[in-house]
Undergrad: 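Here it is: the structure, laid out below.
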Amino acid sequence: MRAGATARGGRGAADPRTPLRIGNASGFYGDRHTAVKEMLTGGPLDVLTGDYLAELTMLILGRDRLKDPDRGYAKTFLKQMEECLGEALDRGVRIVTNAGGLNPAGLAEQLRELGERLGLDVCVAHVEGDDLGPRFRDALTAHAYLGGFGITEALRAGADVVVTGRVTDAALVTGPAAAHFGWGPGDHDRLAGAVIAGHILECGTQATGGNYAFFDEFDPATLLRPGFPLAEVRADGSCVITKHEGTGGTVDVGTVTAQLLYETSGARYAGPDVTARLDTVRLTQEGPDRVRVDGVRGEAPPPTLKAGLTRIGGHRNEVVFVLTGLDVDAKADLVRAQIEDAFARSKSRPADVRWELARTDRADADTEETASALLRLVVRDRDADVVGRALSGAAIELALGSYPGFHVTAPPGRGTPYGVFEAVHVDAASVRQVAVTPDGLRVDIPAATAGGTRELVDVEPPELPEPLTYDRTRRLPLGTVAGARSGDKGGDANVGVWVRTDDAWRWLAHHLTVDRFQSLVPESRELTVTRHVLPNLRALNFHVEGILGAGVASQARFDPQAKGLGEWLRARHLDIPEVLL
């Protein structure tokens, strides 16, 4: 037996008074390759997780599987394990990842073969049951979001590495925590605390200063290479968010708040094992790069599981016309009319034609680039030829017969497939989660809903604080006093907005209403926008339905994942009380 190892199946009996140190080394498929080694060698760790799946990733893996049925998993993870598996085993760090994607069994087998090739004694388990393909025959991929108890079973069976398919991002933390502390499905508050820890860790360096609204307040040197986060989880479900000593980035109440608001909506954050109450979360700066997270309350999970479906929606193409110097609007009008005339004459107008003029030009500019605006044309159609040859012909034939200075950033090529995402809900009891242990034993995991469920409804709006009294205001960007983080959930987007003082909260809670949000974000005016109030975080969370069309893969919007939507909102000007400045 290697140094530091314990007997198979003998783990999970650690002292519950000792925190379980769970780190993250991946927030998406393509994240920093060296993060696994950095986390393993940077300091003490018990479990290392990696999140490789997103809605777009499922589509990418689905297309991979069409080419080769043995694929469908995150290939980069296998390369990382080739470099680091021995290190993890020597240090007694257990690996839990959803890199299995559409084929967790296939990745688990590849890991066993890797262990044999490297001469390593490794126990690999995997979790399956998320694939709902037989129920949705018209979908490219169809997968339920499973909970963490399959991971729990695999770890209790002695696995060194646990590979899953589609589980919730937080399950990568709740599963190991439940295995370590002996939690069961009824431990709602403890599980909810671990869900919050998992949500904070899931996007890697977003919890340590990455993509942070107030990044300019940090030492620039620390942001060059932020360290990945870890959570010291305790038996009661509370935790401390931190990072390895000496790594870049910063962990403070602000960075943790920003990640808490990311891709959430209401106060109830539902999952397959528990619904966590975001409105109960308390954050306390415990020391440098240490934020305590406690007070989290949990409720029984809803009776259904979320499932994500991806399909090929058709084909798309685009061309960007460069309009330089004078008469930008007139030039744009001319090329639009010429393209539409070409479509009409060819009788092959794409089903969806969208134009967007970005006025990036400046008057009397001292470079040609800064004197130029960009006119973007995006077309979509079921027929690849309509968005391929038809657009290429219409655009390129104008090269010598359109506006002065005609050129494009790149010629349009062949049409490329785009995907659409749909979220559905299925009866949780109808989904059979199975943990396949290192010995090959298949263990059915009962649905957490067997112990009772709670329908998911919005909480009653909390009482707002007393309004701030003030006399004078200044017209300034909202971001002068407020941070924001935004992201995508299928075709919807969320924008979390928070402030850092009680006085700023007294102003924000009353001033940034749904009506004002829609006035600041004009494209949301015809959409349903819901505001959720989270006083503990001094935060508002706006859920905008349908702003992303059929999801990120459909690329229906300039910013298809709404990553910059919060920063645009922060850049909009409001009358801000001078007492807050």
Undergrad: Give the intermediate values and the outcome of side chain to side chain contact (heavy atoms under 4.5 Å, CB included) for residues L261 and L534.
TA: CA-CA 10 Å; L261 295 172; L534 301 169; 3.8 Å; yes
Undergrad: Mind running side chain to side chain donor-acceptor pair (under 3.5 Å) on R225 and T34 for me, showing each step along the way?
TA: CA-CA 11 Å; R225 196 174 178 84; T34 58; 2.8 Å; yes
Undergrad: Between D502 and R538, is the closest basic N to carboxylate O distance under 4.0 Å?
TA: yes
Undergrad: To the nearest 0.5 Å, what is the distance between CE (M39) and CZ (F228)?
TA: 8.5 Å
Undergrad: Using 0.5 Å steps for rounding, measure from the CZ atom of F77 to the OH atom of Y52.
TA: 5.5 Å
Undergrad: Would you call D294 and R282 a salt bridge, taking side-chain N to carboxylate O under 4.0 Å as the test?
TA: yes
Undergrad: Without swapping roles, check the side chain of D51 against the backbone of S26 for a donor-acceptor pair under 3.5 Å.
TA: no
Undergrad: I'd like to check L283 versus T257 (side-chain heavy atoms, cut-off strictly below 4.5 Å). Are they in contact?
TA: yes
Undergrad: Is E217 paired with R500 through a side-chain N to carboxylate O contact shorter than 4.0 Å?
TA: yes
Undergrad: In sequence, state the C-alpha distance, the side-chain angles, and the governing distance for E128 and H126, and then conclude on side chain to side chain donor-acceptor pair (under 3.5 Å).
TA: CA-CA 7 Å; E128 58 187 44; H126 74 274; 2.8 Å; yes
Undergrad: Could you check T250 against D252 for side chain to side chain donor-acceptor pair (under 3.5 Å), going step by step and ending with a plain yes or no?
TA: CA-CA 6 Å; T250 298; D252 65 17; over 6 Å; no
Undergrad: Is it the case that the side chain of E232 and the backbone of L20 share a donor-acceptor pair, with hydrogens and angles ignored and the cut-off at 3.5 Å?
TA: no
Undergrad: Using a strict 4.0 Å threshold on nitrogen-to-oxygen distance, state whether K563 and E263 make a salt bridge.
TA: yes
Undergrad: Using 0.5 Å steps for rounding, measure from the OG1 atom of T310 to the CG atom of L56.
TA: 9.5 Å
Undergrad: Counting N and O atoms only, with roles assigned by atom type, does the side chain of D488 sit under 3.5 Å from a partner on the main chain of A562, one being a donor and the other an acceptor?
TA: no
Undergrad: Give a yes or no on whether R290 atom CZ has more than 12 heavy-atom contacts from other residues, nucleotides or ligands under 6.0 Å away.
TA: yes
Undergrad: Between R166 and D131, is there a side-chain N and carboxylate O pair less than 4.0 Å apart?
TA: no
Undergrad: Any sub-3.5 Å donor-acceptor pair from T152's side-chain atoms to G148's backbone N or O?
TA: yes
Undergrad: Hey, are R277 and D279 close enough for a salt bridge, meaning a charged N less than 4.0 Å from a carboxylate O?
TA: yes
Undergrad: Just by modelled atom types, is the V457 backbone N or O under 3.5 Å from a matching donor or acceptor in the R268 side chain?
TA: yes
Undergrad: Which residue pairs pass the ring pair (Phe, Tyr, Trp, His ring centres under 6.0 Å) test when at least one of the two sits in residues 243-283, sequence neighbours left out?
TA: H199-Y269
Undergrad: List the residues meeting side chain to side chain donor-acceptor pair (under 3.5 Å) with D130, not counting sequence neighbours, and say none if there are none.
TA: H143
Undergrad: Using 30° and 60° as the class limits, which term best fits the ring planes of F542 and F517: parallel, tilted or perpendicular?
TA: parallel
Undergrad: Aromatic rings F218 and Y212: how do their planes relate, parallel, tilted or perpendicular, breaks at 30° and 60°?
TA: parallel
Undergrad: Does the pair R94/D160 count as a salt bridge with the N-to-O cut at 4.0 Å?
TA: no
Undergrad: Between D289 (side chain only) and V251 (backbone N and O only), is there a donor and an acceptor less than 3.5 Å apart?
TA: yes
Undergrad: Got a salt bridge between E153 and R156, using NZ or NE/NH1/NH2 to carboxylate O under 4.0 Å?
TA: no
Undergrad: Can you confirm if the NZ or CZ of R485 lies within 45° of the ring axis of F215 and under 6.0 Å from the centre of its six-membered ring?
TA: no
Undergrad: I'd like to know if the side chain of T168 reaches the main chain of A171, judged simply by a donor and an acceptor atom lying under 3.5 Å from each other, with no hydrogens or angles considered.
TA: yes
Undergrad: Looking only at side-chain N and O atoms, does T41 offer a donor or acceptor that is under 3.5 Å from a partner on R91?
TA: no
Undergrad: Can you check side chain to side chain contact (heavy atoms under 4.5 Å, CB included) on L48 and V36, steps first, answer last?
TA: CA-CA 8 Å; L48 184 61; V36 172; 3.9 Å; yes
